[in-house]
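Each residue takes its place number in the sequence, starting with 1. Heavy-atom basis, side chains included; hydrogens, waters and symmetry copies ignored. All figures in this text were calculated on a predicted structure; none of them were measured in a lab.
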Amino acid sequence: MKVTAIIQARMGSTRLPGKVMKHLTGKTVLQHVIDRVASARLLDEVIVATTISPQDDIIVTEAQKAGAKIFRGSEDDVLARYYHAAKTYKAEIIVRVTSDCPLFDPQILDEMLGIFLKENANGFNLDYMSNSLQPTFPRGLDAEIFTMRVLTKTFHEADKDYEREHVT
């Protein structure tokens, strides 16, 4: 199964605009996140899903420089942005990561993916996995994994604004 990480990123943060382009030890926060996510062994590709807003052109440039693929979509409907990114790149298993976690741990992601893939191979049919529903790791190490089937169902059934603003 094709495993795709989708990192959501935009410049228009309400609390700290432009935070993903701030520099930490010579690299942007976004580049740190892309590098760390991409080093997970069980991933096939990394996509940065940003908006069509011109202010996010800088994110496209930075993500391409860091080796990520790009998808641009709705600024407000993050669920649609994820769905169309996953569909465009033919993802089967999606890893959701936010772009403001520069200390993301790829080993944790590999452990989660290992379990997710093994259980599905054994017929358990996991649809969703998270390490933040019952927090066991510090903030910033959050990851969610879900199938394209469940993302498609959610995309078609979500009808409230808050359901479309927060992918999961």
Inset, instruction - Evaluate the criterion side chain to side chain contact (heavy atoms under 4.5 Å, CB included) for residue pair F116 and T147; output intermediate values, then yes/no. - result: CA-CA 10 Å; F116 193 89; T147 63; 4.0 Å; yes

Legend entry - Test item: R10 side-chain N/O and T51 main-chain N/O as donor-acceptor pair under 3.5 Å: no

Inset, instruction - Determine whether L117 and I93 make a side-chain contact, defined as any pair of heavy atoms from C-beta on separated by less than 4.5 Å. - result: yes

Inset, instruction - Before accepting this row, confirm whether a basic side-chain N of the pair R36/D105 lies closer than 4.0 Å to the acidic partner's carboxylate O. - result: no

Legend entry - Nearest heavy atoms of S99 and V20, plus distance in Å: OG-CG1, 3.0 Å

Inset, instruction - Answer yes or no: does atom CD of Q107 have more than 12 heavy-atom neighbours from other residues, nucleotides or ligands under 6.0 Å? - result: no

Inset, instruction - Let me see the working for Q31 and T28 under side chain to side chain contact (heavy atoms under 4.5 Å, CB included), right down to the final yes or no. - result: CA-CA 5 Å; Q31 188 173 359; T28 63; 3.4 Å; yes

Legend entry - Flag side-chain contact, heavy atom, 4.5 Å: V3 against I145: no

Legend entry - Inter-residue atom distance K69.NZ - T4.OG1, 0.5 Å rounding: 7.5 Å

Inset, instruction - Measure from the side-chain N and O atoms of N131 to the backbone N and O of M112, and report whether any donor-acceptor pair falls under 3.5 Å. - result: no

Inset, instruction - Start with the C-alpha distance between E45 and Y89, add both sets of side-chain angles, then the distance that settles side chain to side chain donor-acceptor pair (under 3.5 Å), and finish with yes or no. - result: CA-CA 9 Å; E45 67 187 347; Y89 288 99; over 6 Å; no

Inset, instruction - Could you tell me whether the side chain of D110 and the main chain of R41 form a donor-acceptor pair under 3.5 Å? - result: yes

Legend entry - L133 atom CG, over 12 foreign heavy atoms within 6.0 Å: yes

Inset, instruction - Output the distance between atom CG (D142) and atom CZ (F104), rounded to the nearest 0.5 Å. - result: 9.0 Å

Legend entry - Salt bridge D44-K2, side-chain N to carboxylate O under 4.0 Å: no

Legend entry - side chain to side chain donor-acceptor pair (under 3.5 Å) between R96 and Q8, intermediate numbers included: CA-CA 8 Å; R96 178 177 176 260; Q8 60 192 68; 3.0 Å; yes

Legend entry - Least distance between heavy atoms, T50 atom then A9 atom: OG1-O, 2.8 Å

Inset, instruction - Flag the pair D56 / R72 as yes when at least one side-chain heavy-atom distance between them is below 4.5 Å, and no otherwise. - result: yes

Inset, instruction - Considering only NZ, NE, NH1 and NH2 on the basic side and carboxylate oxygens on the acidic side, decide whether R164 and D77 come within less than 4.0 Å. - result: yes

Inset, instruction - Begin with the C-alpha distance, continue with both residues' side-chain angles, and end with the deciding distance and a verdict on side chain to side chain donor-acceptor pair (under 3.5 Å) for D100 and T98. - result: CA-CA 6 Å; D100 58 354; T98 57; 3.0 Å; yes

Inset, instruction - Step through it carefully: locate the ring centre of H84, locate the ring centre of F155, and say whether they are under 6.0 Å apart. - result: yes

Legend entry - H32 vs T25, side chain to side chain contact (heavy atoms under 4.5 Å, CB included): CA-CA, chis, key distance, verdict: CA-CA 10 Å; H32 280 287; T25 65; 3.4 Å; yes

Inset, instruction - Inspect the surroundings of CG in D161 and state if more than 12 heavy atoms from other residues, nucleotides or ligands are less than 6.0 Å away. - result: no

Inset, instruction - Mark yes or no for whether E119, through its side chain, and I115, through its backbone, hold a donor-acceptor pair below 3.5 Å. - result: no

Inset, instruction - Decide yes or no for M148 and I94: does some side-chain heavy atom of the first lie under 4.5 Å from some side-chain heavy atom of the second? - result: yes

Inset, instruction - Could you walk me through whether I7 and I34 pass side chain to side chain contact (heavy atoms under 4.5 Å, CB included), step by step? - result: CA-CA 8 Å; I7 302 168; I34 293 168; 4.0 Å; yes

Inset, instruction - Specify whether F146 and Y128 have parallel, tilted or perpendicular ring planes, treating 30° as the upper limit for parallel and 60° as the lower limit for perpendicular. - result: parallel

Inset, instruction - Using modelled atom types only, decide if a donor and an acceptor are shared between the side chain of R81 and the backbone of A49 within a distance under 3.5 Å. - result: yes

Inset, instruction - Please tell me if the side chains of F124 and K118 come closer than 4.5 Å, counting only heavy atoms from C-beta onward. - result: no

Legend entry - Heavy-atom side-chain contact between F137 and I108 under 4.5 Å: yes

Inset, instruction - Would you please test E144 and S130 for side chain to side chain donor-acceptor pair (under 3.5 Å) and show each step? - result: CA-CA 4 Å; E144 295 175 290; S130 172; 4.5 Å; no

Inset, instruction - Check whether any side-chain N or O of E62 sits under 3.5 Å from a backbone N or O of I59 as a donor-acceptor pair, and report yes or no. - result: no

Inset, instruction - Indicate yes or no: at least one non-hydrogen side-chain atom of L79 is less than 4.5 angstrom from one of L151. - result: yes

Legend entry - I58 CD1: over 12 foreign heavy atoms closer than 6.0 Å: no

